[in-house]
Undergrad: 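Got a structure here, written out as structure tokens. Questions coming.
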Amino acid sequence: MKTGHKLAAAVAVLPLSLLMLRITGSAWWLLGLPFSFCAGWLYASDLHAELVRATDMKVWSWRRLLLQLPQYIAATVLVLGGVAGLAWLLWTLWQGGDIGLKHGLIRLAGAVIAILGGVGMFVQGIRGPPPTVKEWFTVSFDDTQVRIRARPPRESAVDASFAWASIVRVIFQDGGIGGSDVLFIFTDTAENAFVVLTEGEGGSEFFGALCGRGYFPPEISAQAIRSSDGGCYVWPPLETTR
């Protein structure tokens, strides 16, 4: 399901929960409200990031500025609110007012967090959303060779290749719900494993080819695909050799 559809479904939970509350009178339907808010916020953030990536990536282009405008407004409100809170606290102390140590520290922490949060939102808006795995990782292959090209942000680039016939062991590391699954490919020609991110460009196709060529049996791959708890799957098992 695309992000826009997920956002619409999450938002639809709100009126549906209120309708069911009115029909049944059960307060349990109110649990749909926080779910709708949290899921809607997350999907709206993802959709916003996708729209920013799809438009002109120049920081001060009109399309980019319009898309980022709500974020800049929220950042401005946070910074101004934090500065105002900090100014009020300092003014009260200057005038000799007694606000109490506990309340003073809470107000100070709130003001500092608001200012830092607003500045962080400004910086993130200018830098844009972080690149997705597909934007910086690619794996391609033919009948004999596999090539890996990666340009991770703020890290060294990788351009490596290995032969299908050189594979001696495969480790599948489940990335959980929010992360990319990782394949560690051990070969008899390199000391270190080759790393393949399944969410990268060509990652799913490579995993399918890996299983189709017998380097990862169907029963093991089925367990790995269904996994979402960070499990690790190895073939052949470490106790044996291929």
Side-chain angles (χ1 to χ4, degrees), residues 1-6 42-43 45-59 124 127-242:
M1 187 184 296
K2 293 184 178 180
T3 306
H5 297 160
K6 294 178 181 178
L42 292 174
Y43 289 134
S45 298
D46 290 343
L47 181 60
H48 178 263
E50 291 178 6
L51 291 174
V52 172
R53 292 190 186 98
T55 190
D56 189 345
M57 292 308 293
K58 294 179 181 178
V59 174
Q124 195 276 335
R127 294 176 60 182
T132 61
V133 177
K134 275 194 173 185
E135 292 178 298
W136 59 264
F137 184 92
T138 302
V139 57
S140 57
F141 55 89
D142 54 26
D143 291 338
T144 58
Q145 293 282 325
V146 178
R147 185 180 183 185
I148 298 172
R149 288 173 292 178
R151 300 291 185 272
R154 296 180 294 279
E155 292 185 25
S156 301
V158 175
D159 193 340
S161 62
F162 60 90
W164 283 108
S166 67
I167 297 177
V168 295
R169 175 167 283 113
V170 176
I171 296 180
F172 180 101
Q173 177 65 57
D174 172 50
I177 297 177
S180 174
D181 297 331
V182 183
L183 291 165
F184 297 93
I185 312 298
F186 292 85
T187 66
D188 57 11
T189 58
E191 181 179 355
N192 298 321
F194 294 91
V195 179
V196 176
L197 304 179
T198 59
E199 288 189 0
E201 186 69 32
S204 297
E205 293 79 4
F206 171 75
F207 183 58
L210 192 72
C211 298
R213 290 170 178 262
Y215 293 106
F216 213 58
E219 61 275 13
I220 303 297
S221 63
Q223 295 179 35
I225 292 173
R226 291 195 299 265
S227 174
S228 60
D229 57 357
C232 187
Y233 301 84
V234 183
W235 187 265
L238 295 177
E239 297 81 14
T240 63
T241 57
R242 190 178 179 87

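Residue numbers run from 1 in the order of the sequence given.
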Undergrad: State, yes or no, whether a side-chain contact exists between Val170 and Leu183 at a heavy-atom distance under 4.5 Å.
TA: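 Sidechains of Leu183 and Val170: in contact.
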Undergrad: Please round to the nearest 0.5 Å and tell me the distance separating atom CZ of Phe186 and atom CZ of Phe194.
TA: 11.0 Å
Undergrad: Output yes when a side-chain donor or acceptor of Thr198 lies under 3.5 Å from a complementary backbone atom of Asp181, and no otherwise.
TA: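 The answer is yes, because a donor-acceptor pair under 3.5 Å joins these two groups.
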Undergrad: For the OG atom of Ser140 and the CZ atom of Arg149, what is their distance to the nearest 0.5 Å?
TA: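 It is 5.0 Å, given to the nearest 0.5 Å.
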Undergrad: Do you know the tightest heavy-atom contact between Pro218 and Ser221?
TA: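 Smallest heavy-atom distance, with atoms named: O-OG, 2.9 Å.
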Undergrad: Identify, with sequence neighbours excluded, every residue that meets salt bridge (Lys or Arg N to Asp or Glu O under 4.0 Å) alongside Arg151.
TA: none
Undergrad: Specify whether Tyr215 and Trp164 have parallel, tilted or perpendicular ring planes, treating 30° as the upper limit for parallel and 60° as the lower limit for perpendicular.
TA: parallel
Undergrad: Identify the two heavy atoms, one from Phe137 and one from Val195, that lie closest to each other, and give their separation to 0.1 Å.
TA: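 Closest pair (atom of Phe137, atom of Val195, distance): CZ-O, 3.6 Å.
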Undergrad: Do Asp142 and Arg147 meet the salt-bridge criterion of a basic N to acidic O distance under 4.0 Å?
TA: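 Between Asp142 and Arg147 there is no salt bridge, as every charged N stays at least 4.0 Å from the carboxylate O atoms.
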Undergrad: Roughly how far, to the nearest 0.5 Å, is the OH atom of Tyr233 from the CD1 atom of Ile220?
TA: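 Reported to 0.5 Å precision, the distance equals 9.0 Å.
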Undergrad: Indicate yes or no: at least one non-hydrogen side-chain atom of Trp235 is less than 4.5 angstrom from one of Phe172.
TA: no
Undergrad: Quick check for you: to the nearest 0.5 Å, what is the distance between Ile171 atom CD1 and Cys232 atom SG?
TA: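 Those atoms lie 5.5 Å apart.
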Undergrad: Search all heavy atoms of Glu199 against all heavy atoms of Lys134 and return the closest pair with its distance.
TA: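 Taking Glu199 first and Lys134 second, the nearest heavy atoms are O-CG, 3.1 Å.
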Undergrad: Atom CD of Glu201 and atom CH2 of Trp136: how far apart are they, to the nearest 0.5 Å?
TA: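 Going from the CD atom of Glu201 to the CH2 atom of Trp136 covers 13.0 Å.
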Undergrad: Okay, side chain of Arg169, backbone of Phe184: is any donor-acceptor separation there less than 3.5 Å?
TA: no
Undergrad: Supply the atom-to-atom distance Ile185 CD1 to Leu210 CG, rounded to the nearest 0.5 angstrom.
TA: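 If I round to the nearest 0.5 Å, the distance is 5.0 Å.
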Undergrad: Angle between ring planes, Phe162 versus Phe206, binned at 30° and 60°: parallel, tilted or perpendicular?
TA: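 Aromatic pair Phe162/Phe206 classed perpendicular.
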Undergrad: Set out, in order, the CA-CA distance, both residues' side-chain angles and the distance that settles side-chain contact (heavy atoms from CB on, under 4.5 Å) for Val196 and Ile148, then state yes or no.
TA: CA-CA 7 Å; Val196 176; Ile148 298 172; 3.7 Å; yes
Undergrad: side-chain contact (heavy atoms from CB on, under 4.5 Å), that's the test. Do Val168 and Thr187 meet it? Break it down for me.
TA: CA-CA 5 Å; Val168 295; Thr187 66; 5.5 Å; no
